[in-house]
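The structure appears below as structure tokens.
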Amino acid sequence: MITPGEFKQRRKLLMRQMKKNSIAVLASAPAAVRNRDVEYPYRQDSDFHYLTGFDESEAVAVFVPGREQGEFILFCRKYDETKAIWTGKHAGLEGAMKQFGADEAFPIEDFAETLPTLLDGKRTVHYPIGFHKELDQQVMAAVNSLRGKARTGAKPPDEFIALDRIVPEMRLFKSPEEIRALRRAVEVSVLAHKRAMTACRPGLYEYQIEAELSHECMRHGLRHLAYPSIVAGGHNACVLHYTENAEMLRDGDLLLIDAGAEYANYAADITRTFPVNGRYSEPQRLLYELVLEAQLAAIAKIRPGNTWIQPHEEAVRVIVKGLVKLGLLQGRVYKLIKDEAYKPFFMHRTGHWLGMDVHDVGAYKIDDKWRKLEPGMVLTVEPGLYIPPACMDVDEKWRGIGIRIEDDVLVTQKSCDVLSAACPKTVADIEALMGAGR
Ligand code: GLY
Ligand code: MN
Ligand code: MN
């Protein structure tokens with residue numbers, strides 16, 4: 001778990017990067033209504049959690065480097081006995097300071113009227129411009145209120161900088177504690193995938209396998225998945241974000257599962273594709289082994305100094321060569337790559353940053369050039385092949401096959417560490433595991 005000391009360190013690092021004579025303002029995620037008076041399970045905004053560890057809604061964090069009374073101010077809900085009886089514990093103003101290290105804490109109701117005073121005389125405001133309607137309005141109202149008081153000497157800020165200039169770069173490099181949290185999310189997710197493989201049988205429904213995944217995560221205390229699980233039998237796997245998970249699993253089909261648990265706000269993101277009946281057919285195996293070869297080749301390109309795009313380019317090269325060999329594409333490999341002829345079958349990139357958000361923050365390019373990989377970055381590697389069921393350009397035996405293999409990879413000092421390596425992915429390992437349970 002992330003320690004209070006680490007949260008404090010992050011705030012320090014943020015404040016060190018803020019402009020001279022500036023202030024930063026960040027709002028918690030609003031609670032989302034599911035229906036009438038029922039809310040979705042609450043999930044804090046990732047930046048807010050990253051800087052405060054404070055997981056309540058109705059809160060605003062303010063950072064003022066060099067402020068005498070304290071640099072970290074937290075506006076949050078006052079402690080309320082009745083509320084505690086109905087909805088449980090909340091930190092209150094005292095907890096905000098004692099548990100979460102705020103130098104000062106005020107009731108959230110006071111935020112809008114206090115903001116002009118906090119902004120007065122500051123040159124720059126760092127805040128997540130455009131992400132939070134209410135905060136946008138509150139900041140602009142405070143600026144206008146200061147403008148209206150110019151004759152009394154009030155000085156509104158005149159520079160607004162998106163906080164996403166600073167925080168995503170910090171979040172991109174994971175600390176040892178963050179890596180520990182990611183490892184735990186991945187570890188339980190691997191157990192969930194293995195459970196799904198073991199439980200899978202023709203005649204079961206996709207949602208029954210989804211239940212196995214959720215059960216395994218939850219019984220380890222990881223109550224929330226990082227994103228809705230994709231449990232896609234047969235040609236449902238060709239729908240990249242299929243989440244209906246409502247159909248029956250058929251003998252002879254593949255099952256693609258893309259699922260990952262969340263632990264302490266950190267996400268796992270793993271995909272495996274295996275045969276519903278435990279044995280790959282010949283066409284399924286040929287395509288599967290091609291995707292696996294591409295994935296392994298992409299992973300082999302992950303090391304400090306290589307660029308972000310190299311693993312993808314390597315995966316594309318392997319996939320195109322393989323598709324030509326199997327007869328799904330015709331022509332010269334370099335030309336097919338140049339013309340992106342593979343895109344009807346492999347239409348997404350090979351990965352993304354991974355962290356608190358499954359598609360985590362962090363720039364992929366710097367000064368218009370693909371950035372270099374560096375130790376502490378975590379990314380997914382997930383090439384796939386999806387042969388549309390109605391694709392008349394390929395032999396019938398390939399149609400409707402959808403395959404993706406996705407692992408979570410940490411860039412280390414010299415190369416990389418596949419965090420999800422314990423999840424079976426060779427044909428032999430998957431068939432052995434599935435055979436064992438039958
Ligand atoms: N689970 C979403 C993705 O793989 O990007
Ligand atoms: Mn992914
Ligand atoms: Mn995924």
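Counting starts at 1 for both ligands and their atoms, in listed order. Keep in mind that this is a model prediction, so the values were computed, not measured.
- Remark: the H49 side chain and the D55 side chain contain an N/O donor-acceptor pair separated by less than 3.5 Å.
- H359 lies apart from the Mn ion (ligand 2) in this respect, since none of its N, O or S atoms is found at a distance under 2.8 Å.
- One finds a salt bridge joining E178 and R10 here, because a Lys/Arg side-chain nitrogen approaches an Asp/Glu carboxylate oxygen to under 4.0 Å.
- Among protein atoms, those of element N, O or S found less than 2.8 Å away from the Mn ion (ligand 3) are D258 OD1, D258 OD2, D269 OD1, E406 OE1.
- Among residues two or more places apart in sequence or in another chain, the side chain to side chain donor-acceptor pair (under 3.5 Å) test is passed with D408 by none.
- Residues L255 and P275 form no side-chain contact, since every pair of their non-hydrogen atoms from C-beta on lies 4.5 Å or further apart.
- Under the 3.5 Å distance criterion, with hydrogens and angles disregarded, a donor-acceptor pair is assigned to the side chains of R404 and Y386.
- A salt bridge links D407 to R272: at least one charged side-chain nitrogen sits closer than 4.0 Å to a carboxylate oxygen.
- At a cut-off of 3.5 Å, with distance as the only test, no side-chain donor of N265 or Q44 sits close to an acceptor on the other residue.
- Evaluated for a side chain to side chain donor-acceptor pair (under 3.5 Å) with Q295, the options E406, E314, E382, K425 yield exactly one hit, K425.
- The side chain to side chain donor-acceptor pair (under 3.5 Å) search around D136 returns Y127, not counting sequence neighbours.
- Ion pairing between a basic and an acidic side chain is recognised when a charged N comes within 4.0 Å of a carboxylate O; E431 and R285 show no such pairing.
- The immediate protein surroundings of ligand 1, defined as residues with any heavy atom under 4.0 Å of it, consist of Y227, D258, D269, H352, H359, E382, E406.
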